[in-house]
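Since the structure comes first, as structure tokens, the remarks are kept for the end.
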Amino acid sequence: MINFHLASIYADKLLRTMRTMRDKLPFDPYTEVVMALHDALAYSNRWIDYNTSQYQGVFELLTSLVNQQTINNSSVETAILTLENLGFNTLPFGLTIDENLDIDTGVSALMRYILSPLLACGEGVGGGVLVPHNIGKCCKDEE
């Protein structure tokens, strides 16, 4: 049995190293994959919940990425999907928007303004973008 205290020290060091990578190489494609793994491990200390075969899968995935001549967006997407397929929740901080929010309240208006780049004009995310500073006007209205 693994000593929990030693495992927690190792996990802390690993998570700190991942954050250092993010700080020093924020636009590196490898960092994107590493930070997806970081989120899966760090959120609510979930590193405890994953098993040996999952960590072995991460080892093999990262080794294969490092051994590639070049890494592109497709490689990053595939790697993150592989993490998901291994059982790592790479998006543990998901956001749920309540469709029943009263849009006349200050909080709702503020949230709509903050989320306006993500909100579509009645078509769901990606259908169009609300114009910043005018949350009632849609960029599609100008067509």
Side-chain angles (χ1 to χ4, degrees), residues 1-140:
M1 175 175 255
I2 296 176
N3 182 327
F4 181 76
H5 180 70
L6 290 177
S8 65
I9 291 171
Y10 179 76
D12 178 64
K13 184 174 180 171
L14 179 64
L15 294 170
R16 287 175 190 266
T17 301
M18 293 169 142
R19 287 189 295 270
T20 299
M21 184 177 180
R22 177 205 56 209
D23 294 343
K24 293 187 179 202
L25 302 166
F27 304 109
D28 190 290
Y30 296 106
T31 301
E32 191 169 346
V33 176
V34 168
M35 290 314 296
L37 177 61
H38 172 277
D39 292 346
L41 298 175
Y43 184 73
S44 297
N45 281 324
R46 289 204 176 138
W47 62 268
I48 298 168
D49 300 330
Y50 299 114
N51 62 45
T52 305
S53 64
Q54 289 172 300
Y55 284 112
Q56 181 64 36
V58 170
F59 171 78
E60 292 167 5
L61 170 66
L62 294 177
T63 300
S64 71
L65 276 178
V66 170
N67 289 332
Q68 290 182 15
Q69 291 285 55
T70 59
I71 182 172
N72 56 29
N73 287 339
S74 178
S75 300
V76 170
E77 290 171 12
T78 301
I80 293 172
L81 287 174
T82 300
L83 289 173
E84 286 285 336
N85 290 336
L86 286 168
F88 290 92
N89 182 4
T90 62
L91 297 172
F93 312 105
L95 172 68
T96 303
I97 298 175
D98 183 359
E99 296 293 329
N100 297 319
L101 285 177
D102 178 8
I103 61 171
D104 293 330
T105 66
V107 173
S108 295
L110 177 61
M111 286 305 294
R112 290 184 65 77
Y113 174 76
I114 292 169
L115 297 174
S116 65
L118 304 174
L119 296 175
C121 307
E123 297 180 13
V125 175
V129 178
L130 296 176
V131 178
H133 306 294
N134 187 356
I135 63 172
K137 180 177 174 128
C138 175
C139 62
K140 288 185 171 184

Please determine whether side chain to side chain contact (heavy atoms under 4.5 Å, CB included) holds for the pair Glu32 and Ile80, giving the CA-CA distance in whole Å, both sets of side-chain angles, and the decisive distance to 0.1 Å.
CA-CA 9 Å; Glu32 191 169 346; Ile80 293 172; 4.2 Å; yes

- Item | Worked verdict on Asp12 versus Arg16 for salt bridge (Lys or Arg N to Asp or Glu O under 4.0 Å) | CA-CA 6 Å; Asp12 178 64; Arg16 287 175 190 266; 2.8 Å; yes

What one should report as the nearest heavy-atom pair of Met18 and Met35 is O-SD, 3.5 Å

Note: Gly87 and Tyr50 closest approach over all heavy atoms is O-CE2, 3.4 Å

Reported [atom1]-to-[atom2] distance for the pair [X] and [Y], which is rounded to 0.5 angstrom:
{"X": "Leu61", "Y": "Leu37", "atom1": "CG", "atom2": "CG", "answer": "8.5 Å"}
{"X": "Thr63", "Y": "Phe59", "atom1": "OG1", "atom2": "CZ", "answer": "4.0 Å"}
{"X": "Asp23", "Y": "Thr20", "atom1": "CG", "atom2": "OG1", "answer": "6.0 Å"}
{"X": "Asn51", "Y": "Gln56", "atom1": "CG", "atom2": "CD", "answer": "11.0 Å"}
{"X": "Leu65", "Y": "Thr78", "atom1": "CG", "atom2": "OG1", "answer": "9.0 Å"}
{"X": "Asp49", "Y": "Leu41", "atom1": "CG", "atom2": "CG", "answer": "10.5 Å"}

- Task: Kindly indicate, with the supporting measurements, whether the criterion side chain to side chain contact (heavy atoms under 4.5 Å, CB included) is fulfilled by Ile9 and His5.
- Result: CA-CA 6 Å; Ile9 291 171; His5 180 70; 3.3 Å; yes

Is the backbone of [Y] close enough, under 3.5 Å, to the side chain of [X] for a donor and an acceptor to pair up by distance?
{"X": "Glu84", "Y": "Asn89", "answer": "no"}
{"X": "Thr31", "Y": "Phe27", "answer": "no"}
{"X": "Glu60", "Y": "Gly57", "answer": "no"}

Side chain to side chain, Leu25 and Tyr30, heavy atoms closer than 4.5 Å: no

Side-chain heavy atoms of Asp28 within contact of Ile71, under 4.5 Å | no

List the steps, then state whether side chain to side chain contact (heavy atoms under 4.5 Å, CB included) holds for Asp39 with Phe88. CA-CA 9 Å; Asp39 292 346; Phe88 290 92; over 6 Å; no

Taking everything shown except Asn73 itself, do over 12 heavy atoms lie less than 6.0 Å from its CG? no

message = If you count every heavy atom of other residues, nucleotides or ligands that lies below 6.0 Å from Tyr55 atom OH, does the total exceed 12?
response = yes

Across all chains, not counting sequence neighbours, the side-chain contact (heavy atoms from CB on, under 4.5 Å) partners of Asn72 are Ser74, Ser75

